[in-house]
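In listed order, ligands and their atoms are each counted from 1. FYI, side chains are in, hydrogens and waters are out, and symmetry mates aren't considered; it's all heavy atoms of this structure.
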Amino acid sequence: MRVIIQENYDKMCKWAADYIAAKINAHHETRPFVLGLPTGSSPIGVYRELIRKNKAGEVSFSNVITFNMDEYLGLPHEHDQSYWYFMHDNFFDHLVDMKPENINILNGMTEDPEGECARYEEKIAACGGIDLFMGGIGVDGHLAFNEPFTSLSSRTGIRALTTDTRIVNSRFFGNDPEKVPAYALSVGIGTVTDSKEVLVLISGHNKARALAQTVEGNVSHKWTCSALQMHNGAIIACDEAACGELTVDTYKYFLDIEKAERL
Ligand code: GLP
């Protein structure tokens, strides 16, 4: 596992955007580059920087297919808290060459959630698998909507949200946890770890415990993010604020090993 420690949120986002753009630019196959994407506050700065690069001609999305991590069950596209809305508002609508037909987001209004999830997995496989999955993380370590005790080999499916997550996410729903949908559709931990590379953003003091569990904790379904320890291409991009619960040795180790400038 690589852990990239940056001074602050903006630098973390810049690093992640540079990394993603470099990977897309280095992809010379005719098969499109397949990019997994998250929602949440964490990736907003990455999206902003990728949009800037795309407009400046530094990276093209014309040969990129995207798959989003998750979607609330029961929210229509036009609901301003649906992840479909979030992704278009914060990213896709601003790219100059993203093809709408290359955007994949689980349909939270489907009448057949199980079929929808099975088809999502099939489509990922048909595209040749995910080259790079960017993710965020919940304060309880959830990756996508894989709450504590979701199987580390889970696939795309329906997820019940914990009360804790509904409380945390209620900041987007008028601070009323009851307004946060109780269920979501989400890729599984196995779906994420099948990707060639996984890049997870962890920022802020409130994520310090989750970062420590991801990097130093046991591999356990209690902290589903800890599955990344078993992945051969996992990168955590974090800021100083999120490092508060790491041991001094761990912190120094990752700074030391990343000293030689490399992307
Ligand atoms: C939600 C999403 C996750 C996301 C998490 C953290 O629960 N389903 O994919 O990583 O929130 O969000 P934030 O980045 O806003 O802290």
Side-chain angles (χ1 to χ4, degrees), residues 6 8-10 12-13 16-17 35-49 66-75 79-87 89-91 104-108 117 120 130 132-150 154 156-173 175 177 179-193 195 198-211 213-214 223-228 234-239 241-242 244:
Q6 296 290 306
N8 55 39
Y9 174 78
D10 288 345
M12 175 193 80
C13 291
L35 180 63
L37 294 173
T39 56
S41 339
S42 308
I44 284 181
V46 181
Y47 291 145
R48 208 177 294 134
E49 178 61 11
T66 63
F67 284 89
N68 260 82
M69 285 193 140
D70 44 16
E71 177 61 285
Y72 287 117
L73 202 53
L75 292 193
H79 191 292
D80 65 1
Q81 290 310 324
S82 78
Y83 287 169
W84 191 98
Y85 188 98
F86 175 97
M87 288 306 300
D89 194 36
N90 286 290
F91 193 43
N104 295 283
I105 302 177
L106 285 155
N107 176 10
C117 294
Y120 208 64
I130 292 176
L132 172 61
F133 217 136
M134 173 165 67
I137 200 175
V139 289
D140 61 0
H142 70 244
L143 198 51
F145 265 131
N146 296 292
E147 299 279 29
F149 305 110
T150 306
S154 53
T156 305
I158 307 164
R159 301 286 188 271
L161 307 194
T162 61
T163 303
D164 283 356
T165 292
R166 293 178 78 198
I167 290 170
V168 172
N169 289 3
S170 68
R171 68 193 191 279
F172 302 115
F173 291 84
N175 292 316
K179 290 205 177 115
V180 181
Y183 295 91
L185 303 181
S186 174
V187 296
I189 293 294
T191 320
V192 175
T193 55
S195 312
V198 185
L199 166 61
V200 173
L201 311 166
I202 308 186
S203 161
H205 293 286
N206 63 335
K207 301 283 175 72
R209 192 165 166 230
L211 175 60
Q213 291 293 335
T214 307
W223 291 86
T224 56
C225 53
S226 66
L228 295 174
I235 305 178
I236 308 290
C238 61
D239 58 12

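Under the 30°/60° scheme for interplanar angles, the aromatic rings of Y72 and F145 are found to be tilted.
Note that the CG atom of N175 and the CG atom of N169 stand 11.5 Å from one another [nearest 0.5 Å]. In this structure, CD on Q213 lies 15.0 Å from NZ on K207, to the nearest 0.5 angstrom. To the nearest 0.5 Å, the span separating OG on S203 from CE on M12 amounts to 4.5 Å. For the atom pair CD1 (I105) and CH2 (W84), the distance works out to 7.0 Å, reported to the nearest 0.5 Å.
For atom 2 (C) of ligand 1, the closest non-hydrogen atom of the protein is Y83 OH, 3.7 Å. Closest protein heavy atom to atom 12 (O) of ligand 1: G40 CA, 4.0 Å. Counting only heavy atoms of the protein, atom 13 (P) of ligand 1 lies nearest to S41 N, 3.5 Å. Here the protein heavy atom with the shortest distance to atom 16 (O) of ligand 1 is K207 NZ, 2.7 Å. At the shortest separation from atom 11 (O) of ligand 1 among protein heavy atoms lies H142 NE2, 4.0 Å.
Applying side-chain contact (heavy atoms from CB on, under 4.5 Å) to M69 and the options V192, L185, L106, T191 leaves one that passes, V192. Shown are D140, T214, I137, T150; of these, the side-chain contact (heavy atoms from CB on, under 4.5 Å) with T224 is made only by T150.
Proximity of A144 to ligand 1 is established by a heavy-atom distance of less than 4.0 Å. Residue contacts with ligand 1 include R171, since one of its heavy atoms falls under 4.0 Å from the ligand.
Of the heavy atoms in F172, none comes closer than 4.0 Å to ligand 1.
Shown here is R209, whose CZ atom has no more than 12 heavy atoms of other residues, nucleotides or ligands within 6.0 Å.
Close contacts between ligand 1 and G136 involve ligand atoms 10 (O) [criterion: under 4.0 Å to a heavy atom]. Proximity to S42 (heavy-atom distance under 4.0 Å) selects the following atoms of ligand 1: 13 (P), 14 (O), 16 (O). Taking every heavy atom of I137 and a limit of under 4.0 angstrom, the matching atoms of ligand 1 come to 6 (C), 10 (O). Every atom of ligand 1 with a heavy atom of F145 under 4.0 Å away is listed here by number and element: 7 (O), 8 (N). For ligand 1, the atoms sitting less than 4.0 Å from at least one non-hydrogen atom of N169 are 1 (C), 7 (O), numbered in the order shown with element in parentheses.
Comparing I44, D70, T39 against atom 8 (N) of ligand 1, the shortest heavy-atom distance belongs to D70.
Side-chain atoms of R159 and T165 include no donor-acceptor pair closer than 3.5 Å.
Every ring-ring contact (aromatic ring centres under 6.0 Å, His included) that F149 has, sequence neighbours left out, goes to H221.
Considering backbone and side-chain N/O atoms, P38 never comes within less than 3.5 Å of an N/O atom of ligand 1.
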